[in-house]
Structure formats: C-alpha cells, structure tokens
Amino acid sequence: MSCVTFNVQRIDSGLLSGPVKKAVLSTPNPQRLPSTIAKEDEHLLVTAAKSGDAQAFEELVNRYEKKIFRLTMNITRNREDAEDAMQDAFMKSYAHLHDFQEGSRFYTWLVRIAANEALMRLRKRRPNQFSLDEPVKGEDEELIPRDIADWEPSPEQRYAQSETRQILNEVIDQLEPDFRVVFVLRDVEGLSTEETAKTLGISVPAVKSRLLRARLKLRQKLNRYFRRGESN
Amino acid sequence: MREISNYIDGDVSVVLKREIEIHFIGCDTCKLVFIQLKTTIEIFSGSDLVEFPPEMHTRLHNALRRKMQEGRL
C-alpha cells in the first residue's frame with residue numbers, strides 16, 4: 001500500500017554531515033574558524049557564542065530568525081506580539097546561553113523559549129479564551145470526520161502561492177488557540193510529542209488529544225477549498 | 001481516528017500498524033482521511049505562511065547589538 005509508506009516531512013535545519021563536519025570538528029580552535037566553515041555547524045557556533053563571540057550568535061540568529069518569527073506569529077496571530085516575542089526569545093537565549101546543554105539541539109531549545117514568549121503574550125491578549133489546563137471539551141462523536149470527498153492531487157497547487165497563503169492563514173486563524181499551539185509545535189515545527197508536552201506544561205495524552213482535534217478541524221476546513229471539482 | 005493520528009506519528013505497535021494497513025485496503029474512507037490528514041500536515045509545515053520583511057531583520061539585529069553593547073545581556 002503506497003498510501004501508508006511515506007513519512008511526515010519534518011523541518012530540518014540542514015546541519016552538516018560527513019567529511020565537512022569531520023573537518024570542522026577536528027579544527028583545533030573552533031572559535032576562530034573561517035566563516036564559510038563556521039556557518040555550517042550549529043554546535044561550533046553555539047560554543048563560540050558561549051565564549052563571547054557576538055558574530056557567532058548573530059549567525060545563529062540569521063539562521064533561525066524566519067523560522068522563529070513564523071512560530072511566534074502562528075501562536076499569537078498578532079504581528080506586533082510576534083515580533084516582540086521573537087526579539088525577546090533571541091535576547092533571552094543569548095543571556096542564558098550558559099544554561100544550554102550542548103548535547104541537545106540548539107534550535108529545539110530556542111523554539112521552547114520562543115514558544116513560551118509567544119504563549120505569554122497570547123495569554124495576556126486572551127486571558128479568558130486560552131487555557132491549556134482545561135481538559136479538551138467535546139464528545140468522541142466530534143472525532144468522526146464529515147464531508148469525506150476526494151481532494152485534487154497536490155491541492156495547494158490549484159491556487160496561486162499568495163492565494164494559498166491567504167487560505168492557510170484564514171484556516172489557522174479559525175482554529176482555537178489551545179489546539180493551534182499544539183499543532184504548530186508538533187506538526188509545523190516538528191517537536192516530538194514529549195517536547196511539545198514539556199514546552200506547554202501539559203501531559204502527553206493532552207498533546208495527543210489536542211493534536212488529533214486540530215488535525216481533524218484543519219482537514220475539515222481545507223476540504224472546502226481542496227475538494228475535487230470545487231471552485232471558490 | 002486516534003489510531004490514524006498515532007499511525008501518522010509512527011506511534012503505534014507493530015501489530016496495530018499492520019491492522020491499520022490491512023484496514024486501509026478495505027476501507028476507502030479511512031484511507032482518504034489518512035491521506036488528507038497527512039496532506040494537511042505537509043501543506044502547513046511546508047508553507048511560508050508568514051512573510052519576514054527585511055526591516056524586521058534589521059530591527060532585530062539592531063536591538064540585539066544595542067543590548068550587547070549596553071552589556072545588558
């Protein structure tokens with residue numbers, strides 16, 4: 001069955017592997033690497049930044065600023081809050097670099113800081129509408145998908161890029177924040193279920209439950225645009 | 001639905017994985033839902049939903065440098 005053999009694509013920052021990585025790691029003074037090599041390896045950049053190399057930290061910022069802004073924007077859905085959250089996330093990550101355990105992935109650590117900054121702003125703006133502490137409301141009947149219909153092959157290609165972007169933004173805007181943040185961390189940013197739970201301070205079953213509902217709701221909303229033969 | 005979602009995440013036992021795959025062969029509805037859930041995830045994870053304008057890059061780097069120079073970090 002070909003439909004069950006492909007895997008969900010995850011975002012990959014493209015760290016080096018093979019001979020180039022070996023060359024980087026065998027260099028005696030990693031803090032003074034040629035920039036072309038230093039750009040290639042996150043761990044060396046982090047080590048250099050920890051030792052006070054501001055340029056190395058700026059290189060990390062260059063590498064991840066777009067992704068971090070996408071994350072904070074997807075959580076807050078407010079441009080001003082998203083930019084503030086992104087700036088504070090980078091500043092806090094720099095200030096707390098000494099706390100970063102180098103055995104783990106810098107980007108994942110950064111995502112957790114940025115997600116917390118964004119969540120803080122979301123809670124301020126929607127104090128009565130957003131709570132991850134409450135159990136998921138709704139019956140199991142809600143989990144039964146409605147309007148099952150074939151979609152066009154490569155449905156997003158049916159629309160111009162700007163139009164697709166508008167559709168996706170509309171659809172994700174309509175998703176309740178407590179479902180949206182789980183979907184963004186797990187499916188868009190590629191955090192594991194456990195990392196998502198830890199970041200949000202909720203249990204693994206709570207992540208799975210919200211993720212399932214988020215996926216079903218988004219599918220349902222996209223159905224309107226992507227079903228075969230429909231034109232909107 | 002829970003099983004399909006867990007199956008997408010590779011979070012099912014070998015036995016359940018096999019059962020789901022056999023079920024897909026005989027159930028077009030579940031297979032379609034599975035494909036559409038996967039497509040939904042791929043569309044959102046692969047799309048640049050958010051623009052990152054150059055002036056935002058400049059503001060971020062200026063703010064960082066200012067803080068670094070002030071020694072507040």
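None of the values given here were measured: they were computed from a predicted structure. Throughout, a chain's letter reflects where its sequence line sits, starting with A, and its residues are numbered from 1.
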Enclosure of [X] [atom1] (heavy-atom neighbours >12, cutoff 6.0 Å):
{"X": "A:E80", "atom1": "CD", "result": "no"}
{"X": "A:Q101", "atom1": "CD", "result": "no"}
{"X": "A:Q174", "atom1": "CD", "result": "yes"}
{"X": "A:K50", "atom1": "NZ", "result": "yes"}

Exercise for review: Can you tell which part of A:L168 gets under 4.5 Å to a heavy atom of chain B, answering side chain, backbone, both or neither?
Suggested key: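 Both backbone and side chain.
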
**Study point:** chain B contact via A:V171 - side chain, backbone, both or neither, heavy atoms under 4.5 Å
**Key:**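 Contact with chain B: side chain only.
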
Practice item. Tell me, please, which residues at least two apart from A:K198 pass salt bridge (Lys or Arg N to Asp or Glu O under 4.0 Å). Key: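 Scan of A:K198 (salt bridge (Lys or Arg N to Asp or Glu O under 4.0 Å), adjacent residues dropped) gives none.
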
Point to revise | CG on A:L218 to OG1 on B:T39, rounded to 0.5 Å | key: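 B:T39 OG1 to A:L218 CG: 13.0 Å, rounded to 0.5 Å.
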
**Study point:** NZ-OG1 distance between A:K217 and B:T40, expressed to the nearest 0.5 angstrom
**Key:**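 Output value for this atom pair is 14.5 Å.
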
**Study point:** Option in B:E51, B:H57, B:H61, B:R59 with maximal non-hydrogen atom pairs under 4.5 Å from chain A
**Key:**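 Highest number of pairs under 4.5 Å: B:H61.
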
For residues [X] and [Y], determine if any side-chain heavy atom of one lies less than 4.5 Å from a side-chain heavy atom of the other.
{"X": "A:N223", "Y": "B:Q36", "value": "yes"}
{"X": "A:Y94", "Y": "B:M68", "value": "yes"}
{"X": "B:F44", "Y": "A:I172", "value": "yes"}

What part of [X] gets closer than 4.5 Å to chain A, counting heavy atoms only: side chain, backbone, both or neither?
{"X": "B:R65", "result": "side chain"}
{"X": "B:L32", "result": "side chain"}
{"X": "B:D28", "result": "neither"}

On a heavy-atom basis, which atom in [X] and which in [Y] lie closest, and how many Å separate them?
{"X": "B:S5", "Y": "A:L212", "result": "CB-CD1, 3.6 Å"}
{"X": "A:D187", "Y": "B:I41", "result": "OD2-CG1, 3.5 Å"}
{"X": "A:E65", "Y": "B:L60", "result": "OE1-CD2, 3.7 Å"}

Practice item. Sort out for me which of A:L222, A:L211, A:N169, A:N74 touches chain B most, counting heavy-atom pairs under 4.5 Å. Key: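 Sorted descending by pairs with chain B, the first entry is A:N169.
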
Practice item. Report the option among A:F57, A:W151, A:F183 that has the most heavy-atom pairs separated by less than 4.5 Å from atoms of chain B. Key: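 Top option by heavy-atom pairs under 4.5 Å: A:W151.
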
Point to revise | Presence of salt bridge, A:K208 and B:D9, under 4.0 angstrom | key: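 Not counted as a salt bridge, because no side-chain N and carboxylate O are separated by less than 4.0 Å.
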
